[in-house]
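Could you have a look at this structure, given as structure tokens, before my questions?
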Amino acid sequence: MNDAAADLRFVPLDAGDTATLDAWLRLTEDGADGVPLSAAPPCEADLAGSVRFAPPGTALAGEVAFLDGEAVGAVRLVLPDGAPVAVVDQLLTASKERRQGIGTALVGRARALAGDHGRTLLVADVVQALPGGPARDEGPAAFAAAVGATPADGPEGVHQWLDLARHDPLAGGVPEVPAGYRLQRWGTITPDGFAVAVSELGQSLGESRPETWGEGPEAIRTSHVRRYERMRVGRGRRAYHVGVVHEETGELAGFTSASKTTGNPEHLLQGMTVVAAGHRGHGLGLLLKLANLAHVREYEPSVRLIETANADDNRPMIALNEAMGFVPQERFVSWEVPVVPAG
Ligand code: ACO
């Protein structure tokens, strides 16, 4: 370990410690690489809120590395409930302090934090270029390999972007709603009448049967969507939804969700779209997404850039996105390394 790494002081990232939180925000803003159609610019309200509000079913653990009183690095882990993994949410060295061993020291802290929480495997999504796609920095993958990580088995993620200035999928309007269905809009908070259905569809990806949706205690049945909403509100995000209701049964046949941070008026994140297994094959997925884009544009006229991501084996959804004008820009490769180093 060289001098810089040996002299680091690690401070927990804690929402109540405003000095450390501010230093972390500046570091994260400094570390944003500004590559077009990669990540949206950091939003301070979203980042600060993320320290208090973890995604549903997870806890967060993070530390900021200081050198001579300056924040020079940070590591943050997402700890899914009851799983053996710790997912690296952030591992960042200040741009002017790279190649001095700080990143390697951060991996050491990640291992220690993961071990403290009983985890055996560290997992990280690393941004890499798609074959034939736009160039991406090869440093992160080289770094992952240098610290002993290896690409995991299983599908990669495909990060896709739609630039509305280049292609407007609403030029031809929103398609007609098939007979027997109606659309229903809502905002950040899901109406009580749909909370169970949205939780079930979201968690089962449309595979759970509606006749089972009424089982179990209300607190469990609705907890997923309500916890998700609490995170969004805590991060200052606004969400837009369209659902499709099967008129004969009154069931929610599917929904789609898009959300915005406070700080980036141009950027929209296209989140989950799910159609229940029994209602597929009617064009509802594309209808939902286009109807929701029309919904978003009514309230967020500055939106221009929309990002979304899917597993690369989810060909139907990637094809649907391509039909809307989304273009694959980069891939997310999952790398993993045991918490306890081999040897
Ligand atoms: N190109 C090629 N190899 C690299 C690079 C690079 N840009 N950066 C690090 N490495 C390899 C080298 O083998 C290096 O050893 P060397 O300097 O003796 O040749 C070794 O990794 C260790 O590098 P460190 O100095 O410990 O790492 P650093 O402090 O520079 O941080 C990091 C590396 C975190 C990737 C930094 O460039 C960064 O913050 N990038 C932006 C954020 C990011 O992409 N994070 C994801 C990291 S991947 C993951 O989390 C598994």
Side-chain angles (χ1 to χ4, degrees), residues 1-10 13 23-43 47 50 58 60-68 70-80 85-115 117 119-130 133-154 156-157 159 307 309 329-342:
M1 190 181 286
N2 71 22
D3 289 350
D7 292 341
L8 293 174
R9 188 173 61 89
F10 293 93
L13 182 59
W24 175 70
L25 290 172
R26 302 286 90 75
L27 175 79
T28 302
E29 282 160 2
D30 160 83
D33 55 16
V35 175
L37 304 186
S38 185
C43 164
L47 282 169
S50 75
T58 71
L60 293 172
E63 288 186 352
V64 182
F66 287 88
L67 183 67
D68 300 329
E70 288 285 317
V72 294
V75 60
R76 187 154 80 149
L77 303 179
V78 175
L79 303 159
V85 300
V87 182
V88 178
D89 174 55
Q90 181 189 46
L91 198 146
L92 176 70
T93 300
S95 38
K96 63 180 189 332
E97 304 288 352
R98 292 182 183 168
R99 306 302 287 266
Q100 305 179 70
I102 293 172
T104 305
L106 291 168
V107 172
R109 287 307 306 155
R111 284 185 147 128
L113 284 169
H117 288 87
R119 311 296 155 131
T120 53
L121 196 64
L122 271 181
V123 180
D125 270 347
V126 176
V127 172
Q128 295 183 234
L130 282 164
R136 289 294 182 261
D137 181 7
E138 292 172 7
F143 168 76
V147 297
T150 49
D153 291 337
E156 296 177 356
H159 195 193
E307 65 177 301
Q329 297 289 340
E330 59 193 14
R331 59 197 178 119
F332 298 132
V333 181
S334 188
W335 288 69
E336 59 186 31
V337 65
V339 164
V340 177

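For ligands, and for the atoms within them, numbers begin at 1 and follow the listed sequence.
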**Asked** Any idea which heavy atoms bring I102 and A5 closest together, and the distance?
**Response** N-CB, 4.5 Å
**Asked** How would you list all residue pairs meeting salt bridge (Lys or Arg N to Asp or Glu O under 4.0 Å) that involve residues 136-151, not counting sequence neighbours?
**Response**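 Pairs touching residues 136-151 that pass the test: R136-E330.
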**Item:** Within-4.5 Å side-chain heavy-atom neighbours: L47 and W24
**Value:**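 L47 vs W24: side chains touch.
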**Asked** Which protein heavy atom lies closest to atom 6 (C) of ligand 1, and at what distance to 0.1 Å?
**Response**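 Sorting protein heavy atoms by distance from atom 6 (C) of ligand 1 puts R99 NH1, 3.2 Å first.
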**Complete:** Ranked by distance from atom 33 (C) of ligand 1, the top protein heavy atom is F143 CD1, 3.6 Å
**Request:** Examine L91 against ligand 1 and note whether any of their N/O atoms are separated by less than 3.5 Å.
**Result:**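 So ligand 1 has an N or O lying under 3.5 Å from an N or O of L91.
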**Complete:** atom 49 (C) of ligand 1 sits nearest the protein heavy atom A124 CB, 4.1 Å
**Item:** Contact summary for L27 and A74, nearest pair of heavy atoms
**Value:** CD2-CB, 3.6 Å
**Message:** Heavy-atom pairs closer than 4.0 Å: do any link ligand 1 to the side chain of Q100, the backbone, both, or neither?
**Reply:**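 Under 4.0 Å from ligand 1, Q100 contributes backbone atoms alone.
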**Prompt:** Which atom pair, heavy atoms only, marks the closest approach of L121 to V339?
**Reply:** N-CG2, 3.4 Å
**Message:** For atom 39 (O) of ligand 1, what's the nearest protein heavy-atom neighbour? Residue, atom name and distance, please.
**Reply:** T93 N, 2.8 Å
**Prompt:** A65 and L8: which non-hydrogen atoms are nearest, and at how many Å?
**Reply:** CB-CD2, 4.3 Å
**Prompt:** Under 3.5 Å, side chain of Q100 to main-chain N/O of E97, donor-acceptor pair present?
**Reply:**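 Present.
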**Message:** Students should be able to answer this: which protein heavy-atom is nearest to atom 13 (O) of ligand 1, and at what distance?
**Reply:** A146 CB, 3.6 Å
**Prompt:** At the 4.0 Å heavy-atom cut-off, does G101 count as touching ligand 1?
**Reply:** yes
**Pick from E97, R98, R136, Q90: the one approaching atom 37 (O) of ligand 1 most closely through a non-hydrogen atom** =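 Going through E97, R98, R136, Q90 one by one, R98 has the nearest heavy atom to atom 37 (O) of ligand 1.
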**Request:** May I ask which of A144, G139, A110 has a heavy atom nearer to atom 7 (N) of ligand 1 than the others do?
**Result:**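 Checking each option, the heavy atom nearest atom 7 (N) of ligand 1 is found in G139.
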**Prompt:** When you measure from atom 44 (O) of ligand 1 to every protein heavy atom, which one gives the shortest distance, and what is it?
**Reply:** P140 CG, 3.2 Å
**Item:** Subset of ligand 1 atoms that lie under 4.0 Å from at least one heavy atom of T104
**Value:** 22 (C), 24 (P), 26 (O)
**Complete:** Under 4.0 Å from one or more heavy atoms of I102, ligand 1 contributes atoms 26 (O), 29 (O)
**Request:** Compare every heavy atom of A110 with every heavy atom of L122, then report the nearest pair and how far apart it is.
**Result:**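 Smallest interatomic distance, heavy atoms only, reads CD1-CB, 3.9 Å.
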**Prompt:** What do you reckon, does A142 have a nitrogen or oxygen under 3.5 Å from a nitrogen or oxygen of ligand 1?
**Reply:**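 It does not: no N or O of A142 is found under 3.5 Å from an N or O of ligand 1.
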**Message:** Other residues, nucleotides and ligands only: do more than 12 of their heavy atoms fall within 6.0 Å of CZ on R9?
**Reply:** no
**Prompt:** Can you tell which of G103, G31, S334, A65 gets a heavy atom nearest to atom 28 (P) of ligand 1?
**Reply:**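 Looking at heavy atoms only, the winner is G103.
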**Asked** Who are the side chain to side chain donor-acceptor pair (under 3.5 Å) partners of D89, not counting sequence neighbours?
**Response**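 In terms of side chain to side chain donor-acceptor pair (under 3.5 Å), with neighbours along the sequence ignored, D89 is linked to R76.
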